[in-house]
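Predicted model, so just to flag it, every value in this text is computed and none were measured. Reminder, nothing fancy here: chain letters follow the sequence lines and each chain counts from 1.
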2 protein chains.
Amino acid sequence: MRENSTSCLRVRTRRAVKEALADTALELFEASGFEQVTVADIAKAAGISQRSFFRYFGSKEDVVLGDRIPTAEEVLAVLTPHLAAHPAWEALRLTVRSMTQLMEVEAEAERWKQAVRLICRTPGLRARYLERHLAWVDALVPELTSRTGPGGARAELKAQTMVNTALSCFDVALTRWSDEEGEQRTLAALVEEVFGFVRIPSEEAGV
Amino acid sequence: MRENSTSCLRVRTRRAVKEALADTALELFEASGFEQVTVADIAKAAGISQRSFFRYFGSKEDVVLGDRIPTAEEVLAVLTPHLAAHPAWEALRLTVRSMTQLMEVEAEAERWKQAVRLICRTPGLRARYLERHLAWVDALVPELTSRTGPGGARAELKAQTMVNTALSCFDVALTRWSDEEGEQRTLAALVEEVFGFVRIPSEEAGV
DNA sequence: GTCATTTCTGGCAGTGACTGCCATCCTTGG
DNA sequence: CCAAGGATGGCAGTCACTGCCAGAAATGAC
């Protein structure tokens, strides 16, 4: 197949350029702050045109948030099996824990940590980050609604509450994790601790 | 005093113009969607220059979010007395309930409802809205930290979790409320129901 | 009423993020 | 070597937003 060999090499090059571009940009952001750095600055530092920058990243914010954040489909794929074997809140906890492990293992932990710190420090980025969370909520709620009890509207309300609460817990853990410099605490351990603060009584076994 | 009489009249005019401007803009947003409407459109429809628009609203998003959303200081002022008389989680619940009542009473309920619907429908607005929530979190967490237990870092972590969870509950209730057309359910009642799903065990009375 | 001060206003130019279009490469498979 | 397709750069244009400036209007002191 022609397309295969072509893309095999092209894709690799493309990915390498994208990686280098992200490195350059993050370095500049770290030094001068996200908003102070213009796209023109990044492009010049990376030796490409401004136009090409937007061929690699849909927006300036994408350089930071980029592909690091799982899509709604990925999260849903993690949730579904857990949901088959556990009650709803437990399944959410396990899902969040699985995601943290994905993030830490990938040898990009330090870069991800740097990105999260940048996100927490920049309101605009933080907002975009939360926007992605919303996509997760929309994807997870329907899956959960049927499991949270009988009542239609009430079940959906509870599902929304649970998902939002779980993501809040994740957010708190992630923020704290990115701030801890000296301590070696695992993100997963922080998630466990934060989830330990919250109880969601189950209604599945009867009222 | 000269400045007093001046501002007394000027401020009133200014407020009226701002109100009319917001009405015009919301009408356009409702009809064509937030992103489809340009600032130039709003200005033309309101009969002012584009430049003047930005003298009344700091950004296009401010027309929707505007002054409707309480500031961090206001929320803190509501929380503090509750915190003196109740355990932390209970105080947060009462605080959220108080805020809902503020929003419903003000005879602007329908307009606020319309705004919330617009916010929920527009990702960018939703993100900005959540950004304001973050300001609340930053303001409320310090006040709560001392009340959530003895341990320093752990207490702060728990406080962050509680505040974020409470705001999630508020958010879920508000979203549902804005969607309900026929039903006459109170926002406060919805808040009660949503908070009913969540338990935050207190550690204050001993480990 | 007159005058000086303050405030509001529109216009204009400029920045910064982003997009569409087009000409030009440069790689790749045949 | 050649044709096809992807990658690139440049250019013009949109949109949100800002600073600057000059003119109009309201305001307060006299």
Could you pull out the protein-nucleic contacts involving nucleotides 8-10 of chain D (nitrogen or oxygen on both sides, under 3.5 Å)?
unit_1	atom_1	unit_2	atom_2	d
D:dT8	OP1	A:Tyr56	OH	3.1
D:dT8	OP2	A:Tyr56	OH	3.1
D:dG9	OP2	A:Ser49	N	3.1
D:dG9	OP2	A:Ser49	OG	3.0
D:dG9	OP2	A:Ser52	OG	2.5
D:dG9	N7	A:Arg55	NH1	3.2
D:dG9	O6	A:Arg55	NH2	2.6

The bend of the helix from C:dG1-D:dC30 to C:dG30-D:dC1, taken between the axes of its five terminal pairs at each end and rounded to 10°, is 10°
In terms of heavy-atom contacts, does CZ of B:Arg121 have more than 12 from other residues, nucleotides or ligands at under 6.0 Å?
yes
Please confirm whether the backbone N or O of A:Val39 pairs with a side-chain atom of A:Lys44, one donor and one acceptor, at under 3.5 Å?
no
Would you find a donor on one side and an acceptor on the other, under 3.5 Å apart, between the side chain of A:Glu74 and the backbone of A:Thr71?
yes
State plainly whether the residues [X] and [Y] are in salt-bridge range, i.e. N to O under 4.0 Å.
| X | Y | answer |
| --- | --- | --- |
| A:Glu193 | B:Lys158 | no |
| B:Asp171 | B:Arg126 | yes |
| A:Arg132 | A:Asp62 | yes |

Without decimals, in angstroms, what is the distance between [X] [atom1] and [N] [atom2]?
| X | N | atom1 | atom2 | answer |
| --- | --- | --- | --- | --- |
| B:Lys44 | C:dG10 | NZ | P | 15 Å |
| B:Asp41 | D:dA16 | CG | P | 8 Å |
| B:Gln36 | D:dA16 | CD | P | 11 Å |

Donor on one side chain, acceptor on other, A:Thr165 and B:Thr165, under 3.5 Å:
no
How close do B:Ala135 and B:Ala72 get, counting heavy atoms only, and between which atoms?
O-CB, 3.8 Å
Counting any heavy atom closer than 4.0 Å, what does A:Thr13 reach on the DNA or RNA strands: base, sugar-phosphate only, or nothing?
nothing
